[in-house]
Every structure is written in C-alpha cells, then in structure tokens.
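Input: a single structure, listed below in structure tokens.
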Amino acid sequence: MASFDSALTFDSGVSFDEGPAPVPTQPRKRMAKPKLELQKKTDDTFQNFVDAVLAAMTGNANFPTPMPALADITTQHTAFKDALAAQKAAKIALTQATAAKDAARDAVETLVTHLANYVEIASSGEEAKILSAGMQVRTPAAPVGAVAAPGDLAASAGDNEGEVELTCDPVAGASSYEWQCRQHQDGTEWQAVKMSTNSRITVTDLTPGALYAFRVRALGAAGPGPWSDEAVKRAP
C-alpha cells in the first residue's frame, strides 16, 4: 500500500494580485435646514420675522427664483398686518368703551343707592311697601354667636338592648348639644335625653321594639340654634 508524507508541501507557483487598497469613504456633509417655529411666535414677532425674511430674500443672488414668489407672500403678509392693526385698534376701542360703561354704571349705582335710602325711610321699614318699589328686602343678619342646625343626624342600634346611638355633624361655634326623643306617634311630647359637649351620644333605657324619633340642637354664644331634622329608629 502507498504511503504519503504529510510533511511535504506543494508550491503551485501561482500568485494572486489583490488590487489597490480601498480609499476611505468621506462622511457625507450634513445638510442644514431652516428653523421657523412659527407657532411659537407672537403676532408682532411673526410680523417682524416675515418682514426680515422678505427683505433678506429680495435681490438675494443665492435664491434667484423663490417659490412661492415673494410678491405673493408680500400680498398675504400685507393683509395680515392690516388685520393685526385693526385688531389692536378694536382692543383699544373695547377698553375705552368698557371704561365708559363702568363709569356710567357707577353713576347709576350711586343714584339707585340714594333712592333705596329714600324708599327705606318713606316706607317706615314696611316690607310690602319696599317690595312694591321693585326692590328686595334684606335678610336679617344672624345674631353674633348664632349657631346652625346640626346636619346628618343618624340613629343606629346600640350594643345593648334598649340602646340607640345618635350622631350628627359638628356645628361651628357650638359649646354643647341638647338631645331629645319621643315615641314616634302623633301628640307625644318631646322628652329631654341629655346635654353633651360632643356630637355623639348613646340613649339608654328605651323600650325594646318601640319606634322613637330623635332630634338635636346646638348651643352657642347667642343661645340655642334651630333643631335638626328628625331621625327615626326602632329600639333594639
């Protein structure tokens, strides 16, 4: 059997020409673009900007044939400037007209106030006479220290038999609360339950199964305020 020496090498004598080395590619030059931001410009700034562009483009050898034509832009820009001037004139006129209206109203308000003083004296404070003059009657001012009626009175079953929990919204200026209850039927008198310094109490010793109505009022510096709406609850 034939054998081969792996150490032998063969030279074909043929050489390959790889050609000239590649020339490095030059980076493409970045193209600049105009910056407008027209929407960010005020009317006055926009007007000045367009005026400057038209002046710079007129006779500019770099741009011999502008598209659209500068004459077309000038025509539309002139219409815009005329409209802007008219708007400014209208604003000035509106300001002047508003000032004249306010001054005239102030004069009428002064006269009508004097007339109301006359009506008050001539009517001797009689409501019907004041109303007949086409004027309203003032709501009497609340006494200093007066308190409002408690709101959102709620009744719920207590922890024990014959107990009802009562709560209401706190009243501004209240120093204490007066609670009352009665059996929920016609002709039954209100009975005092207790006085408290907060807007939550527990009513005890009620008859289980009986239906009760409850109410509360706040007391302030000017005395007691109006009673709250009733809350109805059956005693557990």
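- The nearest pair of heavy atoms linking Arg217 to Gly225 is CD-O, 3.5 Å.
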- Message: One pair to check against side chain to side chain contact (heavy atoms under 4.5 Å, CB included): Leu84 and Asp44. What are the steps and the verdict?
- Response: CA-CA 9 Å; Leu84 180 59; Asp44 288 331; 3.6 Å; yes
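- For Ala218 against Val147, the heavy-atom pair with the smallest separation is O-CG2, 3.5 Å.
- Taking hydrophobic clusters as Ile, Leu, Val, Met, Phe, Trp and Tyr residues chained together by side-chain heavy-atom distances below 4.5 Å, Met135 shares a cluster with Tyr118.
- Note that OG of Ser199 is 7.5 Å distant from CG of Asp169, once rounded to the nearest 0.5 Å.
- By the 4.5 Å heavy-atom criterion applied to side chains, Tyr177 and Lys194 are not counted as neighbours.
- At a threshold of 4.5 Å between non-hydrogen side-chain atoms, the residues Pro68 and Ile73 count as touching.
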- Working for salt bridge (charged side-chain N to carboxylate O under 4.0 Å, His left out), residues Lys101 and Asp106: CA-CA 9 Å; Lys101 180 267 296 180; Asp106 288 343; over 6 Å; no
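- In this structure, the separation between CG on Asn160 and CG on Leu206 is 12.0 Å, given to the nearest 0.5 Å.
- Residues Pro236 and Val164 approach most closely at CD-CG2, 4.2 Å, considering heavy atoms.
- Side-chain atoms of Thr42 and Thr45 form a donor-acceptor pair, as typed in the model, at a separation below 3.5 Å.
- Counting all heavy atoms, side chain and backbone alike, Pro150 lies closest to Ser228 at O-CB, 3.3 Å.
- Once rounded to the nearest 0.5 Å, the distance linking CG of Asp51 with OG1 of Thr78 reads 8.5 Å.
- Rounded to the nearest 0.5 angstrom, Gln183 CD and Gln191 CD are separated by 10.0 Å.
- Atom CD of Glu127 is separated from atom CZ of Arg138 by 13.5 Å, given to the nearest 0.5 angstrom.
- Annotation for Asn60: atom CG counts as buried by contact number, over 12 foreign heavy atoms lying within 6.0 Å.
- Classification of Arg105 and Glu109 as a salt-bridged pair holds, one side-chain N sitting under 4.0 Å from a carboxylate O.
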- Message: Is there a side chain to side chain contact (heavy atoms under 4.5 Å, CB included) between Gln180 and Phe214? Walk through the geometry before answering.
- Response: CA-CA 6 Å; Gln180 291 185 346; Phe214 303 91; over 6 Å; no
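- Annotation: cation-pi pair Arg215/Trp179 absent, no NZ/CZ under 6.0 Å from the ring centroid and within 45° of its normal.
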- Trace of the side chain to side chain donor-acceptor pair (under 3.5 Å) decision for Thr202 with Glu165: CA-CA 5 Å; Thr202 299; Glu165 299 281 348; 2.8 Å; yes
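- Under the 4.5 angstrom side-chain criterion for Ile, Leu, Val, Met, Phe, Trp and Tyr, the cluster partners of Met195 are Leu219.
- Lys233 forms no cation-pi arrangement with Tyr212, by the criterion of a distance under 6.0 Å to the ring centre and an angle within 45° of the ring axis.
- In this structure the side chain of Thr167 never reaches within 4.5 angstrom of the side chain of Leu153, judged on heavy atoms.
- Using a cutoff of 4.0 Å between basic side-chain nitrogens and carboxylate oxygens, Lys81 and Asp43 are not scored as salt-bridged.
- For Phe46, the ring-ring contact (aromatic ring centres under 6.0 Å, His included) partners at least two apart in sequence or on another chain are Phe80.
- Asp205 CG: 12 or fewer foreign heavy atoms inside a 6.0 Å radius.
- Val50 is connected to Leu38 through a chain of hydrophobic side-chain contacts under 4.5 Å among Ile, Leu, Val, Met, Phe, Trp and Tyr, so both are in one cluster.
- Considering only heavy atoms from C-beta on, Met31 stays 4.5 Å or farther from Lys33 through its side chain.
- Salt bridge Arg182/Glu230: present, at least one basic N to carboxylate O contact under 4.0 Å.
- When only modelled atom types and interatomic distance are considered, Thr204 and Glu163 share no side-chain donor-acceptor pair under 3.5 Å.
- Phe63 and Leu54 fall within the same hydrophobic cluster, defined by Ile, Leu, Val, Met, Phe, Trp and Tyr side-chain heavy atoms under 4.5 Å apart, directly or through other members.
- Here the straight-line distance linking atom SG of Cys168 with atom CG of Asp229 works out to 11.5 Å at 0.5 Å rounding.
- Side chains of His77 and Gln47 form a contact here, defined as non-hydrogen atoms less than 4.5 Å apart.
- By the rule that hydrophobic residues join a cluster once side-chain heavy atoms approach within less than 4.5 Å of another member, Val108 and Val119 end up as members of separate clusters.
- Residues Pro208 and Gly162 approach most closely at CG-N, 4.4 Å, considering heavy atoms.
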- Task: Check the pair Leu166, Arg200 against side chain to side chain contact (heavy atoms under 4.5 Å, CB included), reporting the backbone distance first and the verdict last.
- Result: CA-CA 6 Å; Leu166 298 177; Arg200 175 188 294 270; over 6 Å; no
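- Of all the heavy atoms in Phe49 and Leu36, the pair that sits closest is CZ-CD2, 3.8 Å.
- Alongside Leu211, the hydrophobic cluster contains Val232 (criterion: ILVMFWY side chains under 4.5 Å).
- Inter-residue side-chain proximity for Glu126 and Ile130 is flagged as unmet; no heavy-atom pair is nearer than 4.5 Å.
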